[in-house]
Protein chains: 2
Amino acid sequence: MKEPVKIGDVAKLAGVSSSSVSRALNPDRYASEELRARVAEAVAKLGYEPNAFAQSLRVQSSRTIGCMVSDVANPLYAEIIGAAEARLQEAGYLMVVANSQSGSRELDLLNMFRRRRMDGLLVTLDDDTREDVLAVLKDSGVPLVLLDRDINLSCDRVGVDHRQGAYAVVSYLLSLGHRSILLETPSHRVRPGRERIAGAEAAVRDAGLPPSVLKVSDHVDLSQPHVFSDVLQELARPSRPTAIVTLGTAMLAGTLSAIEANRLRIPEDISVVSIGDTTLAQFAAPGITALRWDLKQLGRTAAELLIERIEGRAGTYRTVTFPTELVLRRSCVPPAELQMGAK
Amino acid sequence: MKEPVKIGDVAKLAGVSSSSVSRALNPDRYASEELRARVAEAVAKLGYEPNAFAQSLRVQSSRTIGCMVSDVANPLYAEIIGAAEARLQEAGYLMVVANSQSGSRELDLLNMFRRRRMDGLLVTLDDDTREDVLAVLKDSGVPLVLLDRDINLSCDRVGVDHRQGAYAVVSYLLSLGHRSILLETPSHRVRPGRERIAGAEAAVRDAGLPPSVLKVSDHVDLSQPHVFSDVLQELARPSRPTAIVTLGTAMLAGTLSAIEANRLRIPEDISVVSIGDTTLAQFAAPGITALRWDLKQLGRTAAELLIERIEGRAGTYRTVTFPTELVLRRSCVPPAELQMGAK
DNA sequence: CTGTTAGCGCATTCAC
DNA sequence: GTGAATGCGCTAACAG
C-alpha cells in the first residue's frame, strides 16, 4: 500500500510548524500569503490529504450525512437519492446510503449512523409506527429530514401530496364511469399509503358513491411476484375491477404481468393508472396514465433543508409538500359495459 | 441536541477503567463475564455508542467503503449498488455512494474518499483513459474493485461479457435477415462500449458480411433526450436501420420515443433489442428482446471480492466475468422486405 | 484479568 | 503572523 502522509510531514518540508500548515489550509484563518504558497507547494509535492477522522474528532463534525431507505434500487428512491447526493456534494458533504431491507435493519443502521457521528440524516422508514425506531431517531441528536414519512418527531419533512394525487386519479376513473376500482399501494404503515387510501376514499365519497366502489389492497411486500399473485387473485373474482391503480415501480410490472396473464387488454378490458411516472409507465403498452411529481426537486429540497438545519440557518421546522399532476395516456377508457362501438 | 456519552462515562457508572470498558465491548479480548455484564448494563443505561472517529483514528480502519458511479439513478447501477451494499452490511461495513456526474467530479470524490480513509473502493469510471484519474486511483493505497471497467491497474474486477453478448445479439439479428443494424451504446471510452462494439463487429465479420452492415453510434451523454434526437436523425436517413440495439436504460426510452415519433411500428417496421433486461424492456410495447445478466449477483460479488481483499484473504487479483443470455420477446422479426403475408 | 499510560492526526487555545 | 502545548475519544502496550 502507501505511506500515509500527515500534517507533520508537510510542516517539515515547508519548514514551518504543523499549526501553520493547519491554518494555511483553512481559508478563514490568519496566514500570510507567503506561508500559504509554501504550504500549498509542500502539500502538492507530498500529495497530502488531511485525515478526516482526526479532523472530525477535533471539530466534532463529520461532514457526512446518512441516508436510509428501504431499497436503493427502487427507481422512485434512486432518483431522489441521486439528486440529494448531488446537492450535498456541492455543499461539501458525503452521503452514506444504506438499505434497511424493508425495515429489518433500521435499528442497526441508525446506530451505525450514530457511531459515525453523522451530521444529519435523510430517512424514509418502512413503518411509521414502530416505537423503537422512533425512540432511536428521537434522541439521535442530529438534524433529520424525513422523506415522505409522517411520524411524531420534531424535524423537517419533504413529501408528496399523495392524498390530492389519489383523489385526482380516482375522481378521473369515476368520471369515466368506473365503479370497481382496485388500489394497489404500500400499506397504511407509511404515510404515502395512508394518504393515498384517504384520498381515494374521499374521491368516492365526494362522488356520492358507496365505499364498495373502491377496493384497497395494501402491501408490505412491494415486489413484482408478490403483487403479481395478488392482482391475479383480484382478477379472478367474479366482480373483477375495471380499473387498477398501482405504484409505478415493480408493483406496476407485477400488475401488468397479471393482466397479461389473464389475457386482458389495456384499456379495452381494464384501465390502469400508475402512481409515479416511471419510464415503465411511459413505455408500457399502451402508455400508462400516470401521476407525476418531481423526484429530483424533492431530493434536492431534502438535501437543502438538511444543510440549512445543520448549518444553523434554519428556524422552525418546515414541511415541503410537492404537488402531483395527472399525465393522461392511453391506458384509461370507460369500463367495457359503457363502451360503444366496435368489439 | 443530546449529550454525547463517552467511554469514560460508562466506565464511571460501571466502576471500572475505560480500558476495561473497551475490552468488554470487544468480543475477542480478555474480560471476565462479570465485567462484561456490568459494562453491558452501563452501556444500555447510558445508550452509549462508541465514537467511530476515535476508533478509526486509533485502529486505522474506517469500516467504510466508497462507491463511485456516474449516476446512482441509472437502474443498471442502482441494482448493483443495492446488492453490494447488502453484502457489505452483513460484513459490518457502511457504504458511501457518490455520483461522479458523468465523470466531472471523479477527482474530487476520490480525494474525499482518501481523506476519509475508506477501507476499500467500488468504482466505475466514466472514462477508462483519463490518466489523472488513473494516477489518483493507483496510489490511493486501498483495495479497489472495478465495476465493468478495464484500466491498467492491479485490482480485482467484476464485469459482464459484453463482447459475447453483443455478438449474440447481432448474430441473431443477422440471422433474421437484417443488413442495416444500428448500435446505440456508451462510448469506447469505457469497457462496455468497447467490448460491445468489438463483439458486434465480430458477428458481422464472422457472417461474412461487410462492416457497413453495422452502424455504431456511441454516446457520452446517455440521457433520454440526447438519444432521442440521435435516433430520430438515424431514422431520417434514406437507408434507415431495420434494427436497433440499445442500452435498456434511458437510452431505450429515448429510442422508443424516436421510433414512435416516426410512426414506425415494432417489430413490423423496425426490430429492437435491449442490452440489459430492465422492466422497461419487459413491458414496453411489444416486449423487447433483451440481453440479460445478473446484476444482483454482480453487485454481491464485487462486495465479496472487496471484503476478502481488505481482510487479507485474497491472493492474486481476480476478474469475475458474468455471462449474458438473450431473452427473446416480440420485438424482433425479419426486416420488412423479407416479411411475407399481410401488409 | 484489570488499571495506567501513551498516542492515533489534527485544530485550537495561548504566548510570543 | 507564527510556534508550542493541549486534548478530541478511543485502543493497545505495558505493568501489576
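To find a chain, count down the sequence lines: A is the first, B the second, and so on, and within it residues start at 1.
Between A:Asp150 and A:Arg157 a salt bridge is recorded (basic side-chain N to carboxylate O distance below 4.0 Å). Here B:Arg87 pairs with B:Glu90 in a salt bridge; the nearest charged N to carboxylate O distance falls below 4.0 Å. Remark: B:Arg318 does not engage B:Glu304 in a salt bridge, criterion side-chain N to carboxylate O under 4.0 Å.
The side chain to side chain contact (heavy atoms under 4.5 Å, CB included) check on B:Pro192 picks up B:Asp148, B:Arg149, B:His162, B:Val190, B:Arg196, with sequence neighbours excluded.
If you measure from atom OH of B:Tyr30 to atom P of D:dA15, you get 18 Å, rounded to the nearest angstrom. As a whole-Å value, the separation of B:Arg29 CZ from C:dG3 C1' is 16 Å. Atom CZ in A:Arg116 sits about 18 Å away from atom P in D:dG9, given to the nearest Å. Atom CZ of B:Phe53 and atom C1' of D:dT11 are 17 Å apart (whole Å). Atom NZ of A:Lys6 is separated from atom P of C:dA11 by 14 Å (rounded to the nearest Å). Put simply, CG on B:Asn26 is 11 Å from C1' on D:dA12, counting in whole angstrom units. Between the CD1 atom of B:Ile7 and the P atom of D:dA12 there is a distance of 11 Å, rounded to whole Å.
Ranking C:dG9, C:dT2, C:dA11 by closeness to the A:Leu57 side chain, first place goes to C:dG9. For B:Ala31, the listed nucleotide lying nearest its side chain is C:dT2; candidates were D:dG9, C:dT2, D:dG3.
For C:dG3, the OP1/OP2 oxygens have a side-chain nitrogen or oxygen of B:Ser20 closer than 4.0 Å. Remark: B:Gln60 is not in phosphate contact with D:dT11, judged by side-chain N or O atoms under 4.0 Å from OP1 or OP2. Residue B:Tyr48 places at least one side-chain N or O under 4.0 Å from the OP1 or OP2 atom of D:dC10. A close approach under 4.0 Å does occur between a side-chain nitrogen or oxygen of B:Gln55 and OP1 or OP2 of D:dT11.
Side chain B:Ser18 to base D:dT11: no donor-acceptor pair is found below 3.5 Å.
Nearer the 5' end of DNA chain D, as judged by each residue's closest nucleotide, is the contact made by A:Ser17, out of A:Ser17 and B:Arg58. The nearest heavy atom of DNA chain D to A:Arg117 and to B:Arg23 marks one nucleotide each, and the one closer to the 5' end goes with A:Arg117.
At the heavy-atom level, A:Ser32 lies under 4.0 Å from the strands shown only through sugar-phosphate atoms. Using a 4.0 Å heavy-atom criterion, one finds that A:Ser22 contacts the bases of the nucleic acid, with or without backbone contacts as well.
Inter-residue side-chain proximity for B:Val158 and B:Ile80 is flagged as unmet; no heavy-atom pair is nearer than 4.5 Å.
Rounded to 10 degrees, the angle between the two end axes of the helix from C:dC1-D:dG16 to C:dC16-D:dG1 is 40°, with five pairs used at each end.
The two residues A:Arg117 and A:Ser62 have their closest heavy-atom pair at O-OG, 2.8 Å.
Checking side-chain atoms of A:Asn111 against main-chain N and O of A:Asp108 turns up no donor-acceptor pair under 3.5 Å.
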